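Residue numbers begin at 1 in each chain, while the letters A, B, ... track the order of the sequences. Everything numeric here is computed off the predicted structure, so don't read it as measured data.
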Amino acid sequence: MILTLLKREIRLINRKRSELLNPIVFFILVTVLFPFGVSPEPALLQQIAPGVIWVCALLSVLLSLDSLYRDDFDDGSLVQLLMAGVAPGLIVLAKSMCNWLFTAIPLIIVSPLIGIMLNLSDSAFWAMVVSLLLGTPSVCLIAAIGMSLTVGLRKGGILLALLVLPLYVPILIFGAMAVNAATMGQSYSGQLLFLAAILVFTVSMAPWAAGAALKISVSE
Amino acid sequence: MNWSWFFKLGSPKWFYQMAGRWQPWIWALTFIGLATGCVWGLAIAPADYYQGDLQRIMYIHVPAAYLSMFVYVVMAVAGAIGIIWRMKMAYYVSMSCSPIGAAFTFLALVTGSLWGKPTWGTYWVFDARLTSELILLFLYLGHMALFNAIEDRKNADRAAAVLAIVGIVNIPIIHFSVEWWNSLHQPASLSKLEKPSIDQSMLWPLLIMIVSFKLLFVSLLFPYVRNHTLWREKDSQWVQQEVEQ
């Protein structure tokens with residue numbers, strides 16, 4: 001069942017490939033704004049790079065979510081899927097996996113480039129990639145809860161941010177901490193394990209919550 | 001076991017009238033408790049050896065912080081009861097909790113930062129306890145914003161309840177943050193199982209303040225729930241009779 005849903009999502013994404021680029025362009029643009037806004041001095045950039053990359057990744061994922069749910073909600077296919085007896089948790093899981101594969105993975109691929117531009121130290125490179133790999137699935141799943149709650153609203157965008165951003169804080173803390181620790185040459189496996197623990201927790205709980213929320217939103 | 005009291009709680013009319021009858025008594029108890037606690041804590045209890053009179057902020061700060069979490073749990077549990085047993089009264093209680101909880105959270109943050117400036121030398125640091133309490137404030141605000149954004153009231157009830165349940169993961173994080181991380185904030189002085197690490201002369205006024213803050217929560221909750229009930233049940237007959245009187 002989940003495979004069918006995944007195939008459907010991938011096919012839908014393939015039909016509007018141009019939208020895939022938007023989060024990545026957004027990610028690059030916002031990170032590039034920081035040297036202008038703060039200071040182009042390499043030493044300072046090196047310090048803020050982990051936080052900047054993490055925050056921008058969170059925001060890019062949040063912005064990418066709308067197209068994944070809105071179209072399905074507007075053309076009624078979400079209602080049809082639910083009426084056909086598909087478990088709402090599965091729909092959310094499939095959408096989150098797609099979101100991760102087609103938004104988060106490209107971001108992670110681009111992130112070393114941003115790291116070089118922001119003068120991130122070489123020792124932090126792997127910490128950044130691995131922490132993003134472990135952290136972004138949770139980000140997608142938590143965002144799915146917020147999106148399921150607000151999909152029925154016409155102006156859900158800013159509300160989505162208000163609902164979801166507070167829940168991102170633990171992921172952001174551990175993600176940025178891991179990269180910071182690596183920059184200073186310390187061991188960062190503890191932070192990565194925390195990210196993994198959060199991932200296990202969100203994978204097991206978030207689809208249920210988001211599924212329940214989706215059902216409520218669709219029943220309008 | 002007679003469960004009729006539980007089912008009575010589900011009736012808006014019964015709850016409205018019960019809350020109306022009890023309200024003055026609970027307010028009276030709250031005022032007695034708050035007055036006793038304030039006088040005892042602010043005037044009679046000894047000043048702290050290191051911090052002097054500054055430490056008396058504790059008699060407001062600790063109950064407010066405790067209530068900020070307690071109210072959230074009440075809100076989430078009421079929301080869960082609403083979803084599971086489809087009791088609309090539980091939704092009304094859940095929705096009425098969030099402005100009160102947000103106020104307690106705000107109070108805890110303000111008194112905490114006023115206390116932090118002279119003792120830590122700063123109004124605010126981004127450490128675990130403070131940050132998670134700030135997140136709690138945003139969760140309350142999000143809860144209210146989500147409820148107000150959805151036009152269909154029944155869906156708004158359920159969506160807000162789901163959000164409240166999701167946000168409850170933050171409560172243990174706040175509670176244990178001072179133990180898990182090296183925080184500027186001191187660890188808990190009160191515990192259910194261990195002997196409190198606070199002297200008797202300060203413990204009693206603090207406990208009185210905590211109990212009175214809980215009473216204050218109930219006395220604030222009742223008018224909120226009653227108003228909410230009137231608003232939501234405005235089409236029913238008993239509300240129209242009530243308003244005419």
Side-chain angles (χ1 to χ4, degrees), chain A residues 51 55 73 88-89 92 138 141-174 176-177 180 190-191 193-194 197-198 200-202 204-220, chain B residues 72 76 79-80 82-84 86 91 98 101-102 105 109 125-174 176-177 180-183:
Chain A
V55 170
F73 182 79
V92 174
S138 318
L141 283 162
I142 294 176
I145 301 178
M147 196 61 220
S148 312
L149 281 170
T150 55
V151 69
L153 306 173
R154 260 172 292 125
K155 288 170 190 160
I158 193 84
L159 187 64
L160 173 69
L162 180 60
L163 299 186
V164 168
L165 286 179
L167 298 173
Y168 277 172
V169 171
I171 303 170
L172 176 64
I173 289 175
F174 288 116
M177 260 166 71
N180 270 327
Q191 287 88 339
L193 287 176
F194 258 111
I198 295 174
V200 171
F201 184 70
T202 46
S204 47
M205 305 300 270
W208 296 98
L214 197 64
K215 252 175 130 178
I216 294 165
S217 290
V218 167
S219 71
E220 266 177 21
Chain B
Y72 196 92
I83 285 186
I84 296 167
R86 292 169 194 253
Y91 287 131
S98 57
T105 315
L109 285 170
V125 282
F126 274 98
D127 86 355
R129 172 61 63 94
L130 281 70
T131 313
S132 50
E133 187 76 8
L134 186 65
I135 295 173
L136 185 68
L137 182 63
F138 286 125
L139 286 176
Y140 279 123
L141 296 180
H143 188 249
M144 285 187 269
L146 181 66
F147 178 79
N148 289 320
I150 301 177
E151 276 173 20
D152 184 295
R153 288 291 152 220
K154 281 184 179 161
N155 281 329
D157 276 340
R158 288 190 289 159
V162 169
L163 183 69
I165 295 166
V166 169
I168 207 161
V169 290
N170 191 32
I171 296 295
I173 295 180
I174 300 179
F176 292 111
S177 57
W180 291 344
W181 289 283
N182 291 322
S183 167

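- T131(B) touches chain A through its side chain: at least one heavy atom from C-beta onward sits under 4.5 Å away, while N, CA, C and O do not.
- Annotation: maximal heavy-atom pairing with chain A below 4.5 Å, among L139(B), L163(B), L134(B), occurs at L163(B).
- Residues F138(B) and L163(A) have side chains not in contact (no heavy-atom distance under 4.5 Å, counting atoms from C-beta outward).
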Could you walk me through whether L141(B) and M144(B) pass the side chain to side chain contact (heavy atoms under 4.5 Å, CB included) test, one step at a time?
-> CA-CA 5 Å; L141(B) 296 180; M144(B) 285 187 269; 4.0 Å; yes
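- In terms of non-hydrogen atom pairs under 4.5 Å with chain B, the most contact-rich of V164(A), V169(A), I142(A) is V169(A).
- Chosen from A160(B), A159(B), A161(B), the residue pairing most often with chain A at heavy-atom distances under 4.5 Å is A159(B).
- Taking a 6.0 Å sphere around CG of L193(A), one finds it holds more than 12 heavy atoms contributed by other residues, nucleotides or ligands.
- A side-chain contact (heavy atoms from CB on, under 4.5 Å) with T150(A) holds for exactly one of I145(A), L162(A), L159(A); it is L159(A).
- The backbone N or O of Y72(B) lies less than 3.5 Å from a partner atom in the side chain of Y140(B), making a donor-acceptor pair.
- With respect to chain A, the highest number of heavy-atom pairs below 4.5 Å among I83(B), V162(B), L146(B) belongs to L146(B).
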